[in-house]
**Student:** 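What follows is a structure written as structure tokens; I'll ask about it next.
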Amino acid sequence: MNFLEERIQKDGIVKPGNVLKVDSFLNHQMDIALMEEIGREFHRRFADKPITKVLTIEASGIGIACFAAREFGVPMVFAKKSHSINLDSEVYIAEVESFTHKNKNNIIVSRKFLNADDRILIIDDFLANGCALQGLIAISKAAGASVEGIGIVIEKGFQVGGQIIRNLGVHLESLAIIDAMDAETGVITFREQ
Ligand code: 5GP
């Protein structure tokens, strides 16, 4: 069991509806020593890639992406969630369905901060159905940039996102993959990696 799986086992709370709450160390209160370790681990896994930018989505991806970007020595850009369709030509837009809020948002990134020379590492906290990642991939493509890899802290392997993203041929690394979790017993089963 790796450092992250141990922490999820200890402090993660399984909620009904396939939701894992990790707000005591990742999503609300953040354990900075753990964040540093996560940043180092992403750097180790993508060390051979010429990353120029780390891209994530607000809000919970931001802290994690900062630590990864620090390791690579590159800027971090986060997609903003907007509630209206923004027709401003100065932004890239993609539509994303939220797993936790069950609504659709446009996510936007200013054209100033992504361009065709960028080699992007996408980072996010969770992978569930893959909608957030598909939005970030669409924005990277709109910029003409290449997606060199995707780093996820917790993949819920029993949902479809992992397969969808791997089928796109993108190098996806998830630090912990959950194969099953039970809201009644609280038992979390990790995939051996
Ligand atoms: P997806 O777009 O892959 O369906 O969902 C990923 C996004 O939904 C992540 O950015 C994350 O914020 C949120 N999310 C999905 N599943 C969970 C979960 O079990 N717990 C928490 N805290 N967030 C989740």
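Counting from 1, the numbers follow the sequence of the chain as shown. Atoms within each ligand, like the ligands themselves, are counted from 1 in listed order. Side chains are part of it too, since the values below use all heavy atoms of this structure and drop only hydrogens, waters and symmetry mates.
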**Student:** Taking the six-membered ring for Trp, are H43 and F72 parallel (under 30°), tilted (30 to 60°) or perpendicular (over 60°)?
**Tutor:**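 Rings of H43 and F72: perpendicular, over 60°.
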
**Student:** Ion pair present between E155 and R166, side-chain N to carboxylate O less than 4.0 angstrom?
**Tutor:**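 Salt bridge flag = yes for R166 with E155.
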
**Student:** Step through the shown structure and confirm whether more than 12 heavy atoms of other residues, nucleotides or ligands are within 6.0 Å of CD on E184.
**Tutor:**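 Atom CD in E184 is not packed in, count stays at 12 or less.
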
**Student:** Compute whether any side-chain donor of one residue and acceptor of the other, for T52 and D118, lie under 3.5 angstrom apart.
**Tutor:**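 Per modelled atom types, T52 and D118 side chains form a pair under 3.5 Å.
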
**Student:** I'd like the residue list for ligand 1, meaning every protein residue with a non-hydrogen atom under 4.0 Å from the ligand.
**Tutor:**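 Ligand 1 pocket, heavy atoms under 4.0 Å: N18, V19, L20, N27, S60, F99, T100, D124, D125, F126, L127, A128, N129, G130, C131, A132, K156.
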
**Student:** Can you list everything that forms a side-chain hydrogen bond (donor to acceptor under 3.5 Å, both in side chains) with D117? Sequence neighbours excluded, please.
**Tutor:**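 Listed in chain order: nothing, the list is empty.
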
**Student:** What pair of heavy atoms forms the shortest contact from F3 to I38, and how long is it?
**Tutor:**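 For F3 versus I38, the nearest heavy atoms are CE1-CG1, 3.9 Å.
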
